[in-house]
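Please read the structure below before turning to the comments.
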Number of protein chains: 2
Amino acid sequence: MSAVAGDSKVATKQRLIEAAEELFADEGFDRVSVRDITTKAGANVAAVNYHFGSREGLVAIVLARYINPVNEERLARLDALERKIGGKPVPVEEVLEAFVRPFTTQVRRSELTEKLFFKLMGRMFGQEGCNLPPVVETVFVNMLNRFQKAFAKAMPGLAADDVWWRIHLMAGAMIHTMAHADTLQRFSGGDSGSPTLEQTLSRFIRFTAAGMRQGADDPHEGEKPRGPQVEFPF
Amino acid sequence: MSAVAGDSKVATKQRLIEAAEELFADEGFDRVSVRDITTKAGANVAAVNYHFGSREGLVAIVLARYINPVNEERLARLDALERKIGGKPVPVEEVLEAFVRPFTTQVRRSELTEKLFFKLMGRMFGQEGCNLPPVVETVFVNMLNRFQKAFAKAMPGLAADDVWWRIHLMAGAMIHTMAHADTLQRFSGGDSGSPTLEQTLSRFIRFTAAGMRQGADDPHEGEKPRGPQVEFPF
DNA sequence: CCAGCTGTCAAACGATTGATTTAATTCTGC
DNA sequence: GCAGAATTAAATCAATCGTTTGACAGCTGG
């Protein structure tokens, strides 16, 4: 029945993790019960509590399994870029590349489909992004601060809060694109095509790079707030 | 205890809806039980089933209550813009304004805080964005197709799939920003400031406008895929 | 005045949840 | 081949879930 169950050679613990990842990916963390997981893994109901102490323990492991490597690879890539370029600012596109490329690295470490992996990542950073285990959160915050500095350096003259907000918008585009790629296909009636992973990455980097450094070469553009251009009868 | 419970003059049905909205907003649709809602509304457990037939019925009503007005106001605003400008393409910024401005209109129709309202909207379009009631989905798809055409007209020469993907990235930035504004505050250590709603809207429009029309004034920029600039030891 | 409807109530329903235990079994490493 | 770890089926636990029931109060229209 399941793609995971039946591989009795693989250790139960591993099968449980993989089954949980798949279920979490396409149903969300909340809608999946311990019994769903153990059934899909072809294991006993007690297995989750035996191996992970509790359902929460399994969730924590699934969360940490990829988020930490992704964040650490992000930092390593940013380090490499800065080391390579010396003291000069790293171009926005390359910082963005360091930010998203780790996903394509880590998807190969997993047993999941590309599609499912990105869905899982999207759910993690989106939905469950608030209840991260402390170890994961520490690395996460460090990573964010390092990238904030890198972006600020790449866009001199931009206020710190502006940089943070652009990072937030950028991250939102990334998370939503990862988690709901299929939604686009459904809503566009197939007109969104079937791009490769690399094409999608390219689209993301170009879109967000333009957004990040917007106004940089147009210094007269200040915080001019935009009112509604068309008055509306409400 | 609750801001909603106790207003015994307000009809129970209304109190249930408002309590549900608040709870759904800051806990998500899945984590809220019928008893949570009725308790907060100061009503009996059976009230939800009496007034809405089921929990699902209440969810559907909450979903339709704002999504439909928002989408219809979007369409009306886009209509107004196109009528005003004649046959010429509407500038990207103004299309974007028509896309997000309705939220600021509808937030005043609700009993919710700005913060809670946007959180609820974010959750709707994000998490629950797949199981929309059919009536809501119809309007939604119509709206999306109209905006796709408007964006395509504003950015001539851009392929249809590119337009769809940029809309997807733009919508992601919007949804994530709405749903997780507090997350930014926490992760930035307060360095993201306390912008007004109008400032945030301005930031969003400028960010996504740059992303949407990126490459438009730079015609030599094609689909050149970006490989990793720095080889990495994984 | 009372029949009829609506809203509300406490109480209980059956189902499912995560967790735990027991005891028997299988696997694995030394 | 033995010891210990891993895994199993089965049963149980308290808690919570969405839903249902039947009774009761308040009101309205005739």
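This is a predicted model, so every value here is computed, not measured. Every chain is numbered from 1 and lettered A, B, ... according to where its sequence line falls, protein lines coming before strand lines.
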Check your understanding: When all nucleic acid strands are considered with a 4.0 Å heavy-atom cut-off, which category describes A/A46: base, sugar-phosphate, or nothing?
Key -> base

Review point. 5'-most contact on DNA chain C: A/D36 or A/N44, nearest heavy atom basis?
Key: A/D36

Review point. Does a nitrogen or oxygen in the side chain of B/S33 sit under 4.0 Å from OP1 or OP2 of D/dC17?
Key: yes

Practice item. Taking only Lys NZ, Arg NE, NH1 and NH2, and the carboxylate oxygens of Asp or Glu, determine whether A/E73 and A/R109 approach each other closer than 4.0 Å. Key: no

Check your understanding: Is the distance from OP1 or OP2 of D/dA6 to the nearest side-chain N or O of A/Y50 less than 4.0 Å?
Key -> yes

Review point. Within this structure, what is the CZ-to-P distance between A/R55 and C/dT16, rounded to whole angstrom?
Key: 17 Å

Practice item. Take atom CZ of A/F52 and atom C1' of D/dT7, then tell me their distance rounded to the nearest Å. Key: 14 Å

**Study point:** Neighbour count >12 (heavy atoms, 6.0 Å) for atom CD, A/E56
**Key:** no

Point to revise | Value in whole Å for how far the P atom of D/dT19 lies from CD1 of B/I37 | key: 11 Å

Check your understanding: Quick one: do B/D36 and B/R31 make a salt bridge, cutoff under 4.0 Å?
Key -> no

Review point. Tell me: CD of B/Q14 to C1' of C/dG7, nearest whole Å?
Key: 16 Å

Review point. Can a side chain N or O of A/S54 be found less than 4.0 Å away from OP1 or OP2 on C/dG18?
Key: no

Check your understanding: Roughly how many Å is it from CG in A/N49 to C1' in C/dT20, rounded to a whole number?
Key -> 8 Å

Study note, to complete from the structure: Output for pair (A/D161 CG, B/R203 CZ), nearest 0.5 Å, gives 4.5 Å

Check your understanding: Between C/dT16 atom P and A/R35 atom CZ, what is the distance in whole Å?
Key -> 10 Å

Review point. Think B/H51 has a side-chain N or O under 4.0 angstrom from the OP1 or OP2 of C/dT6?
Key: no

**Study point:** Nearest-angstrom distance from the residue atom CG of A/D30 to P of D/dT16
**Key:** 17 Å

Review point. C/dG7 P sits how many Å from B/L16 CG, rounded?
Key: 12 Å

Study note, to complete from the structure: To the nearest 0.5 Å, atom CZ of B/F147 lies from atom CG of B/N142 at 12.0 Å

